[in-house]
Amino acid sequence: MSFGLTILSLAYILFLIVPGIVFKRFFYQNNPQKLPGVGNFADRIITSLFCGFIIQIITILLFTIGISQISSYEFIDYYRRLINIHEKLVSNSLPVISTKQIIYLLLELLYSLLIAATFGLIGFNIIRKFKLDVIFPVLRFDSEWKYLFRDDKRIFDDDSVTNFRVFDSAQLDLIVKEASGDSFLYSGILYNYKTNKEGSLEFISLLETKRYTKSKDTQEVKIKAIPGHVVIIPYSNVLNMNVTYFYRTRMTTNRFIESMLIVFITTSLLPIIILPWFSSAPWYWCIASILLLLLSWSSVVGLLSPFIGNKKNNLNLGGILILILTFLFSFYGALSLLNIDLFQLIKDLSNK
């Protein structure tokens, strides 16, 4: 293979396949069946290319908007330059690329990875928070075992809106065949499990494990606490399994509103990394404003944390004041970098 085609292949991998892999890594969280290197090779390449192609289109459009603030650089200029580089490499000759263009390419690559991670995170939260993967099997992130062990199947219950149960843990009762040929009953709290790339269980680990044995003579059942913190049982030795769910009561204003709040927090990352590029500010101020907006976003998440999540963490007055001041200063600073007068904007809106 010529060096020109080699460089093109590397460019395709960096700018198309890698963003697609990053998107899938954030979209399929904690899923061994969707990890890089697992599954059919053609399927992984095609899906990564498709996702990376969509992400690169969005990145190029936003990036050319940002570059156009520096000089009269339009998308058609980017396209012509790209075609010229491609033709040079195909003909096995090196194109002339300036240092500034190399910097632009690196910034575009980093920006595409940021967009890929953001889109993947948003998609994951929308599907999980509204249990769309439970309702529609085609959206499943993981094998059937994960949905079984955390009781995602029973999402429609008779609990009230303000007082409902949430899954806490699962107790497993396993009939395990020993090497001696005897079978024993092991009971414990599910700690962890592992599935292979086909989605089948490989092992199960239990906490607070007890073993039940029954005397053949007296029919007496003896209970023995297994020493140690975690007991690991190969699934190939499991003959039968019983699952018992444990719940805890959770208070909230509204389950739907809480899910909407979490989705809104996640999706708000998208305008943060996109909208600054539509301003008239130079590109370096756009990047600085994105960083400040991310700081203000994290402050909002901190303020809303007592109202979302499985554990309610109360903030003290000092923490609340620090988060509010951080949000105000960072948000105002980000708008100032984008040449947006916040006070004048509020005044104009109030006069309408």
Side-chain angles (χ1 to χ4, degrees), residues 16-40 43-59 62 110-156 166-168 192-197 199 250 252 254-275 290 293-294 297-298 300-302 304-305 307-311 313:
L16 291 180
I17 297 179
V18 172
I21 292 175
V22 171
F23 168 81
K24 294 198 299 182
R25 191 65 186 88
F26 279 82
F27 187 75
Y28 296 106
Q29 298 184 25
N30 301 322
N31 185 355
Q33 294 175 263
K34 300 294 183 179
L35 289 177
V38 177
N40 182 271
D43 177 68
R44 288 187 283 117
I45 290 296
I46 292 174
T47 54
S48 298
L49 277 173
F50 177 78
C51 296
F53 180 74
I54 299 298
I55 291 168
Q56 277 299 336
I57 290 178
I58 298 173
T59 304
L62 295 175
L110 293 175
Y111 199 59
S112 66
L113 297 180
L114 178 61
I115 291 178
T118 304
F119 271 92
L121 189 63
I122 290 173
F124 173 80
N125 278 278
I126 289 177
I127 293 176
R128 279 301 302 152
K129 293 306 175 183
F130 292 104
K131 303 292 186 180
L132 298 179
D133 54 337
V134 180
I135 302 173
F136 304 105
V138 70
L139 298 176
R140 294 285 170 85
F141 288 106
D142 209 336
S143 66
E144 191 72 17
W145 291 105
K146 189 168 188 176
Y147 294 89
L148 178 64
F149 284 148
R150 65 186 180 194
D151 195 23
D152 266 351
K153 291 292 187 181
R154 302 192 296 176
I155 60 173
F156 305 106
V166 290
F167 172 75
D168 182 73
N192 197 6
Y193 64 93
K194 182 182 178 182
T195 58
N196 55 28
K197 60 183 180 180
R250 181 173 172 185
T252 185
N254 191 292
R255 299 173 68 175
F256 181 76
I257 291 178
E258 183 175 330
S259 297
M260 286 292 296
L261 188 61
I262 296 175
V263 171
F264 172 76
I265 290 174
T266 308
T267 53
S268 60
L269 286 171
L270 199 57
I272 286 176
I273 65 175
I274 291 179
L275 293 183
I290 290 175
L293 288 174
L294 288 175
W297 176 86
S298 62
V300 173
V301 174
L304 296 177
S305 61
F307 308 101
I308 58 179
N310 293 335
K311 297 182 179 179
N313 300 317

Phe124/Phe26 aromatic ring centres below 6.0 Å: no
Validation row: Phe27, Leu121 side chains within 4.5 angstrom (heavy atoms): no
If the condition is side chain to side chain contact (heavy atoms under 4.5 Å, CB included), which residues does [X] pass it with, not counting sequence neighbours?
X      : answer
Leu110 : none
Ser48  : Ile17, Ile21, Lys24
Leu113 : Val18, Pro19, Val22

What distance do [X] atom [atom1] and [Y] atom [atom2] have between them, rounded to the nearest 0.5 Å?
X      : Y     : atom1 : atom2 : result
Ile45  : Phe50 : CD1   : CZ    : 15.5 Å
Ser112 : Leu16 : OG    : CG    : 9.0 Å
Phe23  : Ile55 : CZ    : CD1   : 6.0 Å

Minimum heavy-atom distance between Ile272 and Ile290, given as atom pair plus value: O-CG1, 3.5 Å
Audit row: Phe119, Ile54, side chain to side chain contact (heavy atoms under 4.5 Å, CB included) steps and yes/no: CA-CA 11 Å; Phe119 271 92; Ile54 299 298; over 6 Å; no
Which residues share a side chain to side chain donor-acceptor pair (under 3.5 Å) with Ser268, sequence neighbours left out: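 For Ser268, the residues satisfying side chain to side chain donor-acceptor pair (under 3.5 Å) (neighbours in sequence not counted) are Trp297.
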